[in-house]
Amino acid sequence: MKQISTFGSSSYRISDLQLLRNSDDDAVIAKLLAHCPIMLLDADEAIAESNRARLYILLRGALWVASDTRSGMADGTISKILPGESVGEQSVLDEEANLSTTTALEESEVLVVEADIVWQLIDQSNVLARNLLRLLSFRIRAANAQLRRRQKLGEFYRQLSMIDGLTGLYNRAWLNDLLPTMVATAHGSNAPLALIMIDLDHFKKFNDAHGHLAGDEALRAAAQVLSGALRPTDFAVRYGGEEMMVLLPDTSDKVAASVAERLCERMRQAKVFTDMRLPLPHITASLGVSVLRPQQSEHDLIATADAALYRAKELGRDQVAA
Ligand SMILES: Nc1nc2c(ncn2[C@@H]2O[C@H](COP(=O)(O)OP(=O)(O)OP(=O)(O)O)[C@@H](O)[C@H]2O)c(=O)[nH]1
């Protein structure tokens, strides 16, 4: 980056500088800018000392600005600066270091205006203050819009991270997040909350006999049984391996037991195919039911359903225990 002239001795005009356009007192501005240096940047060259609070106005060429590279907070935002546009106005106004990195995309000429000159321009001609306010207000709107987009994207990924990839059911992370709230709500409103733990029977044998991919198909089929049989207010979760769980808000022991029976029956009838569309033997599941008792935590609720599931296995599998 080397100085090639000053604004006063160059052929550039004030109307070339967006921030100073529409001034009614060009003579005052021209006088203040007269000694400001014009620097030449080669392609790919970064502005030296671009962290200093100064205004850089591009006269020719193109620049790109990478956000907050020095603070290690770079978020990948890159803006292209075209002739007439400026960089660094905010750091002049708040007297903070400019944390972005500015690099020339091609050979470029840049007018460098030191902070004290910017303040004199603001004092002596209101055009800069007016244009700066406009520019900052535009940037605030753009930043807000970007934040909203990122928030939406973040929420999308958060929800995605709560879904089990194989079955499409909620996963353990979702359960850890939501079950404590569901339990607190049930206690607070005195409404029953039922939980059914479901474990596929002899699934190891199924995998061994038909292969892991067929096992995955069986898990998907089981998940479809669950999601197809529940009310919109119920939730189906893949608890781990071949263990799944159903949460039934506002559901008594009797109703939960009949839902579990229905699930057990539908599981028995579910068809599992290989990827060659060949039917595989039917799967069965054992189910354990529990309903939240006063003072019980979410861990107690799960442990009770687990114990019931164990009894269903002990009693011969393919059945419900409560
Ligand atoms: N294909 C497939 N298998 C899985 C997955 N997760 C767990 N498994 C298998 O599920 C089987 C569970 O076996 P076990 O815990 O011994 O239970 P089981 O054979 O179903 O026997 P019981 O529960 O007593 O009826 C293991 O062989 C695991 O490898 C998965 O995502 N895909």
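Below, all heavy atoms of this structure are taken into account, side chains as well, without hydrogens, waters or symmetry copies. In listed order, ligands and their atoms are each counted from 1. Just so we're clear, the structure is a prediction, and the values are computed from it rather than from any experiment. Quick note: residue numbers are just sequence positions, from 1.
Within the structure, the salt bridge (charged side-chain N to carboxylate O under 4.0 Å, His left out) test picks out the following pairs touching residues 287-297 (sequence neighbours left out): D253-R293.
Here the side chains of E242 and D199 are in contact, with some heavy-atom distance below 4.5 Å. The shortest distance between side-chain heavy atoms of R317 and H202 falls below 4.5 Å. Side-chain contact between I302 and L195 is present, with at least one heavy-atom pair separated by less than 4.5 Å.
Between the side chains of R231 and T251, a donor-acceptor pair is found at a separation under 3.5 Å.
Tested against V113, the residues L17, L32, L33 include a single side chain to side chain contact (heavy atoms under 4.5 Å, CB included) partner, L33.
Protein residues having at least one heavy atom under 4.0 Å from any atom of ligand 1 are L166, D199, L200, D201, H202, F203, K204, N207, H212, G215, D216, L219, R238, G241, E242, K313, R317, listed by chain and number.
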